[in-house]
Protein chains: 4
Amino acid sequence: MEKDHAAGQLEEEQWVQELLALSEQEQVTPKQLSILRAAIDVFAEKGFSAAATSEIAQKAGVAEGTIFRYYKTKKDLLLAIVVPTMSRMIAPFVLRNFSGVLDVPFESYEAFLRAFMINRLDFVRRNLKIVKILIQEIPFQPALKEQLVQNIFEQVLARVTTITEHFKQQGEIIDAPTPAIIRFTISAIIGYLLVRLLLMPDHHWNDEEEIEQTLRFILHGIGGAG
Amino acid sequence: MEKDHAAGQLEEEQWVQELLALSEQEQVTPKQLSILRAAIDVFAEKGFSAAATSEIAQKAGVAEGTIFRYYKTKKDLLLAIVVPTMSRMIAPFVLRNFSGVLDVPFESYEAFLRAFMINRLDFVRRNLKIVKILIQEIPFQPALKEQLVQNIFEQVLARVTTITEHFKQQGEIIDAPTPAIIRFTISAIIGYLLVRLLLMPDHHWNDEEEIEQTLRFILHGIGGAG
Amino acid sequence: MEKDHAAGQLEEEQWVQELLALSEQEQVTPKQLSILRAAIDVFAEKGFSAAATSEIAQKAGVAEGTIFRYYKTKKDLLLAIVVPTMSRMIAPFVLRNFSGVLDVPFESYEAFLRAFMINRLDFVRRNLKIVKILIQEIPFQPALKEQLVQNIFEQVLARVTTITEHFKQQGEIIDAPTPAIIRFTISAIIGYLLVRLLLMPDHHWNDEEEIEQTLRFILHGIGGAG
Amino acid sequence: MEKDHAAGQLEEEQWVQELLALSEQEQVTPKQLSILRAAIDVFAEKGFSAAATSEIAQKAGVAEGTIFRYYKTKKDLLLAIVVPTMSRMIAPFVLRNFSGVLDVPFESYEAFLRAFMINRLDFVRRNLKIVKILIQEIPFQPALKEQLVQNIFEQVLARVTTITEHFKQQGEIIDAPTPAIIRFTISAIIGYLLVRLLLMPDHHWNDEEEIEQTLRFILHGIGGAG
DNA sequence: GATGAATGAGGATTCATTCAT
DNA sequence: TATGAATGAATCCTCATTCAT
């Protein structure tokens, strides 16, 4: 379902629904859904601390007290939004047979990176506000930090290391320290995602071309022939 | 003065003092200084919105009212911390004859990048908490956003573009779109800085080696010989 | 309902209720009512600026925050008390068929003044504290000043001028400048009200006689036969 | 000295000086004087409670602490302004041989009232701001209230009663209760002063004519020939 | 005398959370 | 289940007053 790139307001909202309905196997009432939608908007706009539950309630069209029927505290509401998204963000690295990104034998490292960039660009685009909130709040929410460390450092890194070393052995990647390679590669990718979606979202982008360019940079650098 | 890398708590504090005493030519009383120090700590730890002026006052060892003698509002206190640092952060790009980074004719693009990485790594290390605060608050402080846009997009980018194209003409850099080159280069550098200073500050780093590695990646990529 | 002169604490409180319930058609909860009562007391006793919302809350037996559920700011609370009273104060001049004061054809100017004095004495007596607050705050609340100017100077004066000139034409009033006549008449009436209700409220007053006396003064002066 | 009507900003300021230098026999330093001037301005503009001593200090061009060298508290500053003026306001009734107003045998009650009106109009004009402050603060300052009661009710009223009854015996005033006569007369006079100086200070006034008109009203009323 | 930095109690207002309905 | 009135602790900020210089 992530293959269609057409991302828009509507789609993001559907995504929110999936987010909870599917990935958490929980029943999400329409009221709860509108609370989540409103909370995402307000958290993204004002930041978690500066966001007022009353404003969320108003935007969601529910009573102030209703929020606290579903989420015991404001922080619980934040986590309900942000934790599943964090899971989904790293899902491709965790789920064994995730649709076509990792385990399917890629012809090349380049093909792997390309698929990864397209896939994650799409994901971030669809979950832009939540990703913003996530980035903002990780430093202040120990619960998030812990999840991040556990997931990223103990699952994602392990997996990416395996892949990287696989292609290193195949001679597709130079023989440099794997952590440095990974850091560099991810920096270049995230760098593109941030500029593309956060810094200059209104610029007219030719994503396919930019992705190809970025891949060339990652693989061959920007140094001239000399 | 930025040449000595030994950065520590003490040094950062001296830096804070320089920050205001030198760069703003303003008198900073000891009390004001302790307010700034406390504010930097609390803002970095809790985030601006969640930081209480009462806690800052307590940590600074002054009465709460004293804060407001020096800074009319809490937001003014934030800006007093963050704006000069933002200026310093981009100073190398704005000041004509900044010590050895830009205008001094570098032998090569590589030498330029190396000097830049060392220089800015040092700067961020010394101003770590303030940089954290800056990154956190830019999305929510229009005043900061505006400064950023004006400075970065209208001064820094112009300058970096000139430099990049200079080396492009000299054949040191491949003939790819300059914005993409800049984005990629800066992503790789900032990626290193973030991992080095924020994500894994406690890891034992060999900065010189990592910088060299990163420079090789930027220039030649990670693709194997094939 | 204004015909019974027996004014007391209880009655004034009922009046407060009418004030909002009837004249504004708004629902006034018991809690809101006790806030209004407490605010009237504290504003009258200390003055608006010196009145603390905490004291009002305490006197009203509600939490401080409750005040701000009903009135966004302290000033809004003031206006909620004072504006409707100002309206009622000049109502006889604005409402066409107000009970027996203006439009009903009076036999004489004297009868008109008598009705007016009795009526307004009664009104001020019932709204004594609010009138005090009103007088005190008009110089400092532009919103009130504006209302006053618009109402008094553009409605009341016009109406009183008409009435006065009507009786002038009938020969009941001498041919002097109408503004001076009005100023003089109102001065004498207000002078009595103030002395009666504010300066010497505890003196034993024979209102009927004093009003007759004042009317004679207004009409025939205090000059002796000579 | 009150005979020259030319009242202006300068004159009022001189008046302030007299106020303290002469009537209190105290040394008034230039600094103290500028504090008084500034305090009068700020108290009149904002009201006593809402006036900030810091604003007064700033307007006076002195340090905040300086105010408290001269006046122990903010309230003392208020009283220093308002008490002497209150004394002067009723001085004509208290001082035996005050220049030409009371004890000099007037030809008539009318001449007495005329002199009184001119005299007091002049006084209020010169002390407008202070009179405003006085009126505003009397209800909230027991010290002022007490002074007022003692002075007005025990000195002024006695004196005015004597005079009134003197002219009553001479047949110039009708045989009505003296308190009512006094109340009525003073109401008419104060009514003119308030409208003239506070309500419509910008209207173009022919004071002489208005005073004559008011006197006629007081003596003969506004009733027509019938 | 005069300053003005420093105080800290008190100000109005906000807001997450509770709970009776 | 959903409400929204009510809470009161906590927030930022003001200000009269003090006191070392």
Side-chain angles (χ1 to χ4, degrees), chain A residues 29-32 35 48-58 60-78, chain B residues 27 29-32 35 48-58 60-77, chain C residues 27 29-32 35 48-58 60-77, chain D residues 29-32 35 48-58 60-78:
Chain A
T29 70
K31 217 150 261 206
Q32 198 172 354
I35 290 171
F48 173 71
S49 283
T53 50
S54 60
E55 188 184 348
I56 295 171
Q58 195 199 336
V62 304
E64 289 189 45
T66 306
I67 291 177
F68 295 92
R69 290 206 72 74
Y70 292 105
Y71 308 97
K72 239 174 82 72
T73 67
K74 189 184 162 192
K75 188 176 287 184
D76 284 351
L77 175 55
L78 172 70
Chain B
Q27 287 293 354
T29 69
K31 215 146 255 194
Q32 197 172 355
I35 290 170
F48 174 72
S49 282
T53 52
S54 61
E55 189 185 347
I56 294 172
Q58 196 196 338
V62 303
E64 207 170 346
T66 305
I67 292 177
F68 294 94
R69 280 197 65 75
Y70 291 105
Y71 308 98
K72 250 174 79 73
T73 67
K74 188 184 162 192
K75 188 176 286 183
D76 283 352
L77 174 56
Chain C
Q27 287 293 355
T29 69
K31 215 147 256 196
Q32 197 172 357
I35 289 170
F48 174 72
S49 283
T53 51
S54 60
E55 189 184 348
I56 294 172
Q58 196 196 339
V62 303
E64 208 169 345
T66 305
I67 292 177
F68 294 92
R69 281 197 65 76
Y70 290 105
Y71 308 98
K72 249 174 78 71
T73 66
K74 189 183 162 193
K75 189 176 285 182
D76 283 352
L77 174 56
Chain D
T29 70
K31 217 150 260 207
Q32 199 172 354
I35 289 171
F48 173 72
S49 284
T53 51
S54 59
E55 189 185 348
I56 294 171
Q58 195 199 337
V62 303
E64 289 189 46
T66 305
I67 291 176
F68 295 92
R69 290 206 73 73
Y70 291 105
Y71 309 98
K72 241 174 78 74
T73 67
K74 189 183 163 191
K75 189 176 287 184
D76 284 351
L77 174 55
L78 171 71

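Since the structure is predicted, the reported quantities are computational estimates derived from the model, not experimental observations.
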Any side-chain N or O of A/K72 less than 4.0 Å from the OP1 or OP2 oxygen of E/dT18?
-> no

Strand DNA chain F as a dot-bracket string - pairs counted if Watson-Crick or G-U with both distances under 3.5 Å, | where the partner lies in another strand | .||||||||||||||||||||

When C/F68 and B/G61 are each assigned the nearest nucleotide of DNA chain E, the 5'-most assignment goes to B/G61

Filtered N/O pairs between nucleotides 19-21 of chain F and protein, under 3.5 Å:
none

Of all of residues 48-58 of chain A, which get a heavy atom below 4.0 angstrom from DNA chain F, listed by number?
-> none

Distance in angstrom units between A/Q32 CD and F/dT3 P, rounded = 13 Å

Please work out if A/T29 contacts a base, only the sugar-phosphate, or nothing of the nucleic acid, heavy-atom cut-off 4.0 Å.
-> nothing

Taken to the nearest whole Å, CG/A/L77 to P/E/dT17 is 10 Å

When every non-hydrogen atom of B/K75 is compared with those of B/F48, the smallest separation belongs to CA-CZ, 3.7 Å

Nearest whole angstrom, please: distance from the P of E/dG11 to the CD of B/E64.
-> 15 Å

Nearest 0.5 Å, what's the OH-OG1 distance between D/Y70 and D/T29?
-> 3.0 Å

State whether A/Y70 places a side-chain N or O below 4.0 Å from either non-bridging phosphate oxygen (OP1 or OP2) of F/dA2.
-> yes

Earlier contact from the 5' end, DNA chain F, for D/K74 and B/K75 = B/K75

Residues which pass salt bridge (charged side-chain N to carboxylate O under 4.0 Å, His left out) with D/E64, listed by chain and number, not counting sequence neighbours = none

Length of the CD1-C1' vector between B/I67 and F/dC15, whole Å = 16 Å

Among F/dC13, E/dT13, F/dA16, which nucleotide sits nearest the side chain of C/T73?
-> E/dT13

Can you tell me the distance, in whole Å, between the CD1 atom of D/I35 and the C1' atom of E/dG1?
-> 12 Å

Contacts of A/A63 meeting side-chain contact (heavy atoms from CB on, under 4.5 Å) (sequence neighbours excluded), chain-then-number -> A/T66

Which atom names give the shortest non-hydrogen contact between A/T53 and A/F68, and what distance separates them?
-> CG2-CZ, 3.9 Å

Can you find a heavy atom in the side chain of D/L77 that is under 4.5 Å from one in the side chain of D/I56?
-> yes

Side chain of A/A63 only, please: which of E/dT7, E/dT3, F/dG4 is the nearest?
-> F/dG4

At what distance, to the nearest 0.5 angstrom, does CD1 of D/I35 lie from OH of D/Y71?
-> 6.5 Å

With sequence neighbours excluded, what pairs up with A/S49 under the side-chain contact (heavy atoms from CB on, under 4.5 Å) test?
-> B/S49, B/A50

